[in-house]
Undergrad: 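Provided herewith is a single structure, encoded as structure tokens, for subsequent inquiry.
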Amino acid sequence: MSVSGTSTPGEARLIDGKGFANRLTQDIAEDVRTFYARHQVTPGLAVVLVGNDPASEVYVRNKALQTHRAGMRSFMHMLPETTSQEELLALIGRLNVDPEIHGILVQLPLPGGLDPVAVTNAIDPRKDVDGLGVVNAGRLALGLPGIVPCTPLGCLLLLKSYVGDLRGLNAMVVGASNLVGRPMAQLLLREGCTVTVAHIDTRNPQALARQADILVVATGCSGLVTGEWIKPGATVIDVGISRVRLDNGKTRLVGDVVFDEARRIAGQITPVPGGVGPMTIACLLRNTMQAARELVEGAGGGV
Ligand SMILES: Nc1nc(=O)c2c([nH]1)NC[C@@H]1CN(c3ccc(C(=O)N[C@@H](CCC(=O)O)C(=O)O)cc3)C=[N+]21
Ligand SMILES: [Mg+2]
């Protein structure tokens with residue numbers, strides 16, 4: 001591996017997000033025990049799910065499972081599709097003042113009729129473990145400490161571990177969502193990358209991507225990024241996760257990157273599943289631990 005973040009083409013090294021996330025969760029479990037010994041407080045995470053989208057139910061259950069593995073408390077709030085904005089805001093108001101809750105996550109997307117901006121910003125910024133409210137998003141944009149969104153944070157931890165120093169590298173983020181693309185670009189900028197963000201109106205994103213030492217793809221369009229997008233030896237982080245139906249009727253999870261093409265050209269690449277997804281959940285636990293510390297100890301923190 002050279003300092004430019006590229007390596008000889010051939011077969012890309014697999015980035016083991018699942019293994020990294022497991023180690024991170026064990027480290028957090030240790031922090032939880034130390035924190036309990038010091039304060040007799042167990043960090044608590046509240047997850048709010050409105051409606052019954054089957055994919056969201058899987059994620060939310062997985063989050064609860066991992067929360068328990070880290071020794072934290074998990075509080076699930078499954079609300080019916082018919083929940084009103086007032087009812088949801090009232091619940092967040094109660095969670096904001098509940099001393100047993102240190103982190104609050106409202107699963108997105110919300111059913112139509114509920115305003116995700118109003119709901120996200122009703123969360124106390126100290127408990128906003130998704131980092132999606134204006135206070136934490138603004139802190140990230142200004143380079144100040146705060147809570148960083150879980151998926152971009154997970155991608156950054158993988159990049160720092162597998163690439164090392166990111167300074168001076170060309171990074172491209174494909175997708176400009178508030179949940180992933182924008183905060184990802186901010187984090188890479190903070191690490192000293194030269195950052196390009198491609199979005200729906202970008203002309204010839206493939207030509208821009210071919211310059212990128214680091215390519216982070218977060219569009220939700222399965223198969224968007226083919227081998228021709230990839231600079232030989234680049235590090236590719238695939239955030240996309242789509243369920244596709246195969247000819248035999250079974251379903252399979254795929255990313256936004258055509259994996260079999262990309263792995264022949266990239267230097268290293270995340271698989272789907274087993275890449276970014278498990279890191280998202282581990283970083284949610286990390287953010288909850290950080291929020292509990294700041295709420296209980298009043299320490300100024302950050303990543
Ligand atoms: N407020 C909010 N915050 C989120 O962080 C958030 C959200 N809303 N809405 C939905 C997306 C999606 N998301 C995933 C988390 C874990 C996996 C995950 O663990 N994936 C496994 C596979 C899981 C499976 O088998 O289905 C993997 O990639 O290996 C995937 C996706 C968090 N999201
Ligand atoms: Mg994810």
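Whatever order the structure lists ligands and atoms in, that order sets their numbers, starting from 1.
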Undergrad: Could you list the atoms of ligand 1 found under 4.0 angstrom from a heavy atom of I241?
TA: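 Result: 20 (N), 28 (O).
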
Undergrad: So do the side chains of L88 and L79 get within less than 4.5 Å of each other, counting heavy atoms only?
TA: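 In short, these two side chains touch, coming nearer than 4.5 Å.
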
Undergrad: Check ligand 1 against P278 and write out every atom of the ligand that is under 4.0 Å from a heavy-atom position of the residue.
TA: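 Listed by number with element: 19 (O), 27 (C), 28 (O), 29 (O).
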
Undergrad: Is L140 reachable from V117 through a run of hydrophobic residues whose side-chain heavy atoms are each under 4.5 Å from the next?
TA: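 In one cluster: no.
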
Undergrad: With a cutoff of 4.0 Å, is C150 in contact with ligand 1, counting heavy atoms of the residue only?
TA: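 False for this residue.
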
Undergrad: L45, L91: one ILVMFWY side-chain cluster at the under-4.5 Å cut-off?
TA: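 Unlinked, L45 and L91 end up in two clusters.
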
Undergrad: Within ligand 1, which atoms have a heavy atom of L253 less than 4.0 Å away?
TA: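 Per the distance check, 22 (C), 24 (C), 25 (O), 26 (O).
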
Undergrad: Any atom of ligand 1 sitting under 4.0 Å from a heavy atom of R243?
TA: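 Contact present.
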
Undergrad: Is there side-chain contact between E81 and V50, with heavy atoms separated by less than 4.5 Å?
TA: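 E81 does not reach V50 side chain to side chain.
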
Undergrad: Which of the numbered atoms in ligand 1 are under 4.0 angstrom from any heavy atom belonging to L108?
TA: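 By the 4.0 Å cutoff, the relevant atoms are 1 (N), 2 (C), 7 (C), 8 (N), 9 (N), 10 (C).
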
Undergrad: At less than 4.0 angstrom from any non-hydrogen atom of T280, what atoms of ligand 1 do you find?
TA: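 Matching atoms, with element in brackets: 5 (O).
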
Undergrad: Distance alone, cut at 3.5 Å: any donor-acceptor contact between the side chains of Q26 and R23?
TA: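 There is no such pair between these side chains.
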
Undergrad: Does the N or O separation between G274 and ligand 1 drop below 3.5 Å for any pair?
TA: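 The answer is yes, given that G274 and ligand 1 share an N or O pair closer than 3.5 Å.
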
Undergrad: Between H39 and E297, do the side chains contain an N or O donor and an N or O acceptor separated by less than 3.5 Å?
TA: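 H39 vs E297: donor-acceptor pair found between side chains.
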
Undergrad: Looking at D247, I'd like to know if its CG atom is crowded, meaning that more than 12 non-hydrogen atoms belonging to other residues, nucleotides or ligands lie closer than 6.0 Å.
TA: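 Counting other residues, nucleotides and ligands, CG of D247 stays at 12 neighbours or fewer.
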
Undergrad: Quick check: Y59 and ligand 1, any N/O pair under 3.5 Å apart?
TA: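 No - when backbone and side-chain N and O of Y59 are compared with those of ligand 1, no distance drops under 3.5 Å.
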
Undergrad: Would you say I281 and ligand 1 have an N/O pair spaced under 3.5 Å apart?
TA: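 By distance alone, the answer is no.
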
Undergrad: Would you indicate which of P149, G277, C283 comes nearest to atom 20 (N) of ligand 1 when only heavy atoms are counted?
TA: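 Closest candidate by heavy-atom distance is G277.
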
Undergrad: For ligand 1 and V106, I'd like to know whether there is a polar contact (N/O to N/O, distance under 3.5 Å).
TA: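 Right, the criterion is met.
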
Undergrad: Do D238 and T270 meet the criterion of a side-chain donor-acceptor pair at a distance under 3.5 Å?
TA: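 There is no such pair between these side chains.
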
